[in-house]
> 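Structure incoming, see below.
As the structure is a computational prediction, the values presented were derived from the model and not from experiment. Quick note on labels: first sequence line is chain A, next is B, and so on, each numbered from 1.
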Amino acid sequence: MMSIWINEHSKVLVQGITGSQGTFHATIMIEYGTDIVGGVTPGKGGLLLDMAEKSVSVYDSMFEAIQATDADASVIYVPPPFAAEAIMEAADAFDQIKGEGVIVCITEGIPTLDMVKAVAYVNQRPGIKLIGPNCPGIITPGKDGGCKIGIMPGHIHKKGRIGIVSKSGTLTYEAVAQTMSIGEGQSTCIGIGGDPVNGTGFIDCLAGFQADLQTEAIVMIGEIGGTAEEDAAAWAAENVTKPIVGFVAGATAPPGKRMGHAGAIISGGKGTAAEKFAAFELAGIHIAKDPSEIGAVLAAALKEAGLL
Amino acid sequence: MMSIWINEHSKVLVQGITGSQGTFHATIMIEYGTDIVGGVTPGKGGLLLDMAEKSVSVYDSMFEAIQATDADASVIYVPPPFAAEAIMEAADAFDQIKGEGVIVCITEGIPTLDMVKAVAYVNQRPGIKLIGPNCPGIITPGKDGGCKIGIMPGHIHKKGRIGIVSKSGTLTYEAVAQTMSIGEGQSTCIGIGGDPVNGTGFIDCLAGFQADLQTEAIVMIGEIGGTAEEDAAAWAAENVTKPIVGFVAGATAPPGKRMGHAGAIISGGKGTAAEKFAAFELAGIHIAKDPSEIGAVLAAALKEAGLL
Amino acid sequence: MFRKAGVNVLEGVHCTSIEDALSAYDSLGSKVVAVKSQIHAGGRGKGTLYSPESGEKVMVGGVKIAFSREDVELYSRNILGNKLVTIQTGEDGKIVNNLYVEAGCAIAHEYYLAILVDREAKAVLIMASTEGGMDIEEVAKNTPEALHKVWVDPAAGLLGFQKRNLGMDLELSGAALKSFFGLLGKLYDVFVMNDCAMIEINPLVRSEDDEIIALDAKVSFDDNASFRHKEWEDIRDLGEEDDAEVRAKELGLSYVKLDGDIGCLVNGAGLAMATMDVIQLYGGEPANFLDIGGGAGEDTVNAAFEIILEDPNVKGILVNIFGGIQRCDIVANGVLASVEKMGLEVPLVIRLSGTNYKEGRAIIDASDLQTYSVDTLAEGAKKIVELIGGEQ
Amino acid sequence: MFRKAGVNVLEGVHCTSIEDALSAYDSLGSKVVAVKSQIHAGGRGKGTLYSPESGEKVMVGGVKIAFSREDVELYSRNILGNKLVTIQTGEDGKIVNNLYVEAGCAIAHEYYLAILVDREAKAVLIMASTEGGMDIEEVAKNTPEALHKVWVDPAAGLLGFQKRNLGMDLELSGAALKSFFGLLGKLYDVFVMNDCAMIEINPLVRSEDDEIIALDAKVSFDDNASFRHKEWEDIRDLGEEDDAEVRAKELGLSYVKLDGDIGCLVNGAGLAMATMDVIQLYGGEPANFLDIGGGAGEDTVNAAFEIILEDPNVKGILVNIFGGIQRCDIVANGVLASVEKMGLEVPLVIRLSGTNYKEGRAIIDASDLQTYSVDTLAEGAKKIVELIGGEQ
């Protein structure tokens with residue numbers, strides 16, 4: 001297995017392709033090299049869009065679109081009031097037609113209870129993987145281009161052996177730049193998003209990287225709120241043999257205040273950066289206290305593991 | 001593996017034990033030899049009931065009861081308005097505490113949409129098996145007594161090698177009597193019930209019998225309505241190597257009329273006995289056209305398979 | 001019910017006389033109206049009306065479009081009091097005592113829509129077709145690809161994309177799609193809130209101004225849910241159901257009248273069906289399905305005998321009991337009491353098995369009742385067929 | 001909101017003056033009443049009131065039981081216009097402009113109840129304890145076994161047995177259990193229908209006649225769901241929230257004011273937090289969290305500068321951008337325009353990386369702006385700390 005969940009050749013649909021965000025990012029994804037095989041906007045089925053010298057078909061429903069294109073993944077640029085429905089439509093269609101599929105939801109601002117429902121719906125369909133919402137997406141850089149599903153800047157990436165998973169968007173880019181600063185590329189980078197209720201979590205990604213032949217080390221970026229970082233660290237201690245470098249944002253965040261992401265809030269004294277760093281330490285994760293140090297810490301970890 | 005899902009020593013709880021049906025059948029089950037370890041009636045926790053020279057504790061909730069008794073199974077004698085809730089309570093408690101459990105729902109007359117919800121709830125908890133509702137239950141006769149969970153007359157059974165599965169209550173007893181008439185006993189007998197939406201179906205039971213070392217032949221009794229018999233026959237043709245004897249009730253039932261069981265109705269020309277018998281024949285199932293013939297057909301089938 | 005839930009329906013008036021129908025026509029203010037026979041059975045449009053006395057054919061079609069006041073008069077005269085035979089009523093048909101006069105609308109297209117519980121999927125199923133007004137069973141048989149299906153996830157309920165996709169499958173767009181989306185959501189709510197067994201709308205129409213309207217609907221309910229729907233007692237049209245079946249239900253019996261001459265009294269639905277089957281297998285014809293349930297008392301047995309003997313076709317009775325909860329001695333006492341009370345002029349064959357069968361038999365044998373005790377169902381069936389002189 | 005949903009609450013009146021409070025006392029007709037400070041923060045009962053001018057302590061306890069008209073007058077005088085400091089308000093406390101005078105009830109026992117979304121379980125969690133009125137965080141820490149939890153299956157909703165079992169966990173029975181069962185169902189509906197983030201009822205009480213009553217409640221909402229709750233605009237008490245934070249939100253910025261002196265302007269919530277962290281790591285103190293979001297225009301950058309510069313503590317600014325969707329050249333132009341418009345008297349360090357960073361730097365370098373361009377976040381943090389003369 002090379003890279004996780006998606007590979008350079010994954011076929012991707014864009015839900016909400018005729019919206020401004022959808023059109024903009026579909027074009028950029030195609031330019032990067034992503035195989036965008038179609039888009040979905042109900043009521044606009046049959047339309048042909050010209051994007052980056054490619055002609056992209058629009059379908060009325062995900063069911064129709066997957067049947068016509070045999071897509072492997074879908075990315076959602078749909079406004080918050082309709083995004084949870086879009087996730088469930090994609091989950092239902094992938095499940096019915098293929099029994100599997102990757103759904104990436106970029107949308108920010110989906111009501112939490114909508115996500116409680118959508119995540120339960122996805123989890124009842126074990127072949128379906130949901131990334132996000134409120135995340136930059138997932139990218140598997142190729143030798144030439146690659147598969148970028150989301151909004152991250154493609155040009156900063158390079159194919160390589162480091163897997164990256166992060167709750168934050170821009171911090172992921174920071175982590176990518178740090179791997180590049182020591183001459184390392186990425187196998188797959190996943191932004192899982194910072195919402196309180198979301199799809200794929202750290203553990204799913206760590207398990208994927210552990211099993212992936214291309215990945216040799218992992219960078220994991222958390223932030224305050226919840227206990228996902230602690231749980232992942234405990235799991236990694238038991239299950240991950242590859243070196244992991246970890247950073248947690250929000251050491252200076254005051255309690256009770258939401259720091260941008262709906263999930264980034266220290267409540268009841270729980271979910272602090274200090275607790276998360278301590279859990280990382282306990283699990284043998286290599287800690288960077290400053291994101292600008294990730295490169296150096298990673299290089300040291302690779303050396304220690306005999307990989308450099 | 002000897003017998004299926006329950007064995008002679010299974011520990012059983014009775015939901016609704018302080019109701020008249022619950023008390024009556026709990027006593028009979030204990031007399032038969034079933035290990036009734038407790039009962040549940042909310043608000044009556046702490047009560048001790050004297051039943052067939054045994055003292056049975058009443059608990060307020062299934063959660064409490066399973067924690068206290070480590071029960072394996074539960075049987076529900078709760079009136080229809082509350083029965084679906086009782087199923088879900090049992091499923092939740094078994095799932096949380098043990099990750100598995102057998103729930104037998106005897107109650108007749110549960111609204112179909114309640115069962116749609118309850119079955120979906122049970123199916124989300126893969127370790128939980130639901131038998132019924134509106135069924136006689138499940139019995140695994142032992143050498144001396146055995147485990148009877150339900151309302152079937154225990155005394156007509158004997159431990160042996162025939163597995164019986166049936167939609168109908170009294171027809172199951174008829175089938176049991178037929179096996180006895182040729183000197184055969186039963187491994188496990190399961191009445192899956194005749195409601196349109198229920199738990200365990202024919203295929204689950206056939207799979208259990210096929211895997212069970214004690215079971216050497218199977219009697220399967222269907223009735224008009226739905227396509228469960230056809231689906232099971234097709235599945236058996238591929239997956240069951242043990243001889244099966246089949247009967248379907250309702251050859252003379254007029255279309256569009258509900259014959260007692262809510263599910264026993266031929267609608268839109270579908271679900272006739274003729275179709276089901278034809279499917280049995282196609283699948284190599286030995287057919288009895290008259291339940292009084294089941295013994296003779298079974299004896300012939302056993303002989304053909306070199307088992308007699 | 002639909003109107004209360006906000007489902008688009010046409011204005012209409014219930015009528016029980018020709019005068020009613022005419023004043024309904026006047027009040028609706030629509031030149032074209034539909035005059036519809038109201039019975040609890042489908043296929044009314046394609047049914048035929050017969051005079052109940054002469055058996056003469058009166059009119060083809062139980063639903064008629066009237067273009068004038070005269071039409072309304074003619075059609076209501078032809079419908080009221082006559083017998084409507086459809087593919088779902090059986091040969092006997094049903095007397096029509098009610099009709100519905102409904103304002104017309106300019107129909108652009110007719111669709112079919114049904115909501116029911118799919119027992120295999122254990123979920124609510126919504127079926128729709130662009131072939132409205134047709135017999136849906138024909139559509140299902142001949143052009144299954146024209147029948148679009150949506151299963152409702154019990155956990156998530158009916159989702160927006162499912163409504164939208166089904167509408168698009170029906171080739172709806174714009175205002176019509178929006179109207180369909182709204183109507184389907186409301187119909188699903190009606191189905192769930194009212195514990196329906198089936199809602200069938202045939203036809204569902206798109207009007208020329210792109211409204212989606214439920215033109216004709218047939219609704220049935222889940223009997224098991226009656227405890228939480230006291231309102232059903234009001235809308236049930238008891239007059240129309242078979243009298244004995246209704247009475248049997250009140251007594252806790254499951255009874256279905258059939259055309260044969262051998263009455264059956266059985267415990268358990270499956271065994272009751274099997275008893276009928278075996279009677280036929282040995283050349284007889286069952287007069288009924290009758291399940292006395294589990295744990296019936298003497299009274300119940302008594303009531304069951306009464307209902308069986310009411311049927312003038314009955315020439316013999318087969319009692320078939322396999323006692324589980326049911327004790328055979330109680331049935332035996334019930335049979336004796338019934339015979340004593342009602343007299344018995346037809347042969348009676350009794351098969352008792354299971355719980356207390358010895359005691360039961362002893363009771364029967366000790367009485368001076370003219371009965372035949374047998375050991376198995378097959379013997380019983382053969383015996384009763386022989387006794388009433390059928391083929392053996 | 002609770003009253004409308006049928007949740008048991010005590011009668012009470014909102015007041016903004018001592019006169020209001022006295023006439024509320026007269027109208028409630030209950031000799032004993034509670035006088036409650038109304039601010040959006042918990043821990044009011046255990047809070048302390050201070051004079052906003054002198055800082056003098058006025059009264060201990062923001063919720064008081066008044067046994068007479070004189071008590072009401074005293075307590076409302078001590079509360080209104082003064083500053084209430086609780087464990088949740090921070091040191092600054094909040095000025096109390098509203099109070100609530102509530103009829104008393106004979107309390108047999110106090111409980112704690114909360115409904116919230118459990119992010120780990122991805123489900124709604126209901127927590128209850130027999131230790132009502134206490135600080136729940138203490139209970140969770142010291143006696144976790146006293147805190148009973150129920151998770152709501154998103155598919156099935158809150159089920160009857162869960163309500164009953166939680167009530168029994170609270171040692172309720174009979175009428176009190178029934179009352180709790182009803183109240184919990186309604187509260188859960190309120191939670192879901194109103195897209196709450198948290199409902200905390202502390203205390204929930206059992207009255208001596210076995211009614212369960214929500215005595216004091218704190219409700220917060222899921223901001224993401226505001227698009228479907230236009231009614232929130234009415235109930236939001238804007239005066240109480242930090243002014244700059246509200247204005248920032250309206251401009252599409254995420255802003256949280258902090259106590260330090262280095263203003264931050266960052267794209268992305270995670271990076272914004274990391275920027276604060278790194279500033280502190282190198283000896284500085286961030287003045288704020290500020291995320292300009294993805295794809296901000298010049299206007300947004302402008303607004304962000306305005307909000308940062310409003311804070312008189314700010315002695316220097318660190319701009320940290322890693323362009324993804326966000327183009328660095330747009331940020332650069334925004335910075336120039338802001339400085340031109342507002343003037344700039346504090347040092348400015350700019351780190352641009354990612355999309356169009358070269359163009360962005362060129363714009364900054366070509367201007368006559370007194371800024372320091374750096375390559376990494378660490379360099380930027382060190383530089384700004386150095387410039388404002390903090391430790392290095």
> Applying salt bridge (charged side-chain N to carboxylate O under 4.0 Å, His left out), name anything that partners B:K158, two or more places apart in sequence or on another chain.
none

> Could you tell me which portion of C:D222 (side chain, backbone, both or neither) has an atom closer than 4.5 angstrom to a non-hydrogen atom of chain B?
side chain

> So which atom in B:D290 and which in C:Y282 form the shortest heavy-atom distance, rounded to 0.1 Å?
OD2-OH, 3.0 Å

> Which atom pair, heavy atoms only, marks the closest approach of C:A155 to B:Q124?
CB-NE2, 4.3 Å

> Any carboxylate oxygen within less than 4.0 angstrom of a Lys/Arg side-chain nitrogen, looking at B:R258 and C:E245?
no

> How close do B:A228 and C:E120 get, heavy atom to heavy atom, and via which atoms?
N-OE2, 3.6 Å

> Within a strict 4.5 Å, meaning less than it, do heavy atoms of the B:N198 and C:K122 side chains meet?
yes

> With a 4.5 angstrom heavy-atom cut-off, could you sort out which part of C:F322 is near chain B: side chain, backbone, both or neither?
both

> Under 4.5 Å heavy-atom distance to chain B, tell me which part of C:L258 shows up: side chain, backbone, both or neither.
side chain

> So for C:A123, is it side chain, backbone, both, or neither that comes closer than 4.5 Å to the heavy atoms of chain B?
backbone

> Using a 3.5 Å cut-off and no angle test, enumerate the donor-acceptor pairs between side-chain atoms of residues 148-156 of chain B and protein atoms at least two apart in sequence or in another chain.
from   : atom 1 : to     : atom 2 : distance (Å)
B:K148 : NZ     : B:G150 : O      : 3.3
B:K148 : NZ     : B:M152 : O      : 2.5

> Just to verify, what does C:D195 make a salt bridge (charged side-chain N to carboxylate O under 4.0 Å, His left out) with, not counting sequence neighbours?
C:R228

> Take atom CG of C:N313 as the centre, draw a 6.0 Å sphere, and report whether it contains more than 12 heavy atoms from other residues, nucleotides or ligands.
yes

> Between C:R327 and chain B, which part of the residue has a heavy atom less than 4.5 Å away: side chain, backbone, both or neither?
neither

> Do you know which of C:G293, C:A121, C:A197, C:G268 has the most heavy-atom pairs with chain B at a distance under 4.5 angstrom?
C:G268

> Side chains of B:V116 and C:V117, heavy atoms from C-beta outward: is any pair under 4.5 Å?
yes

> Using a 4.5 Å cut-off on heavy atoms from C-beta on, say whether the side chain of B:P80 contacts that of C:N224.
no

> Spell out the residues in residues 164-176 of chain B that have some non-hydrogen atom less than 4.5 Å away from a non-hydrogen atom of chain C, in order of number; otherwise answer 'none'.
B:K167, B:S168, B:T170, B:L171, B:Y173, B:E174

> Are the side chains of C:F289 and B:T252 in touch, meaning some heavy atoms are under 4.5 Å apart?
no

> What are the two closest heavy atoms between C:R119 and B:G226, and how far apart are they?
NE-CA, 3.5 Å

> Quick one: what part of B:Y121 sits under 4.5 Å from any heavy atom of chain C, side chain, backbone, both or neither?
neither

> On a heavy-atom basis, which atom in C:L377 and which in B:P291 lie closest, and how many Å separate them?
CD2-CG, 3.7 Å

> So what's closer than 4.5 Å to chain B heavy atoms on C:T355: side chain, backbone, both or neither?
both

> Most heavy-atom pairs under 4.5 angstrom with chain B, which of C:N267, C:I321, C:T376?
C:N267

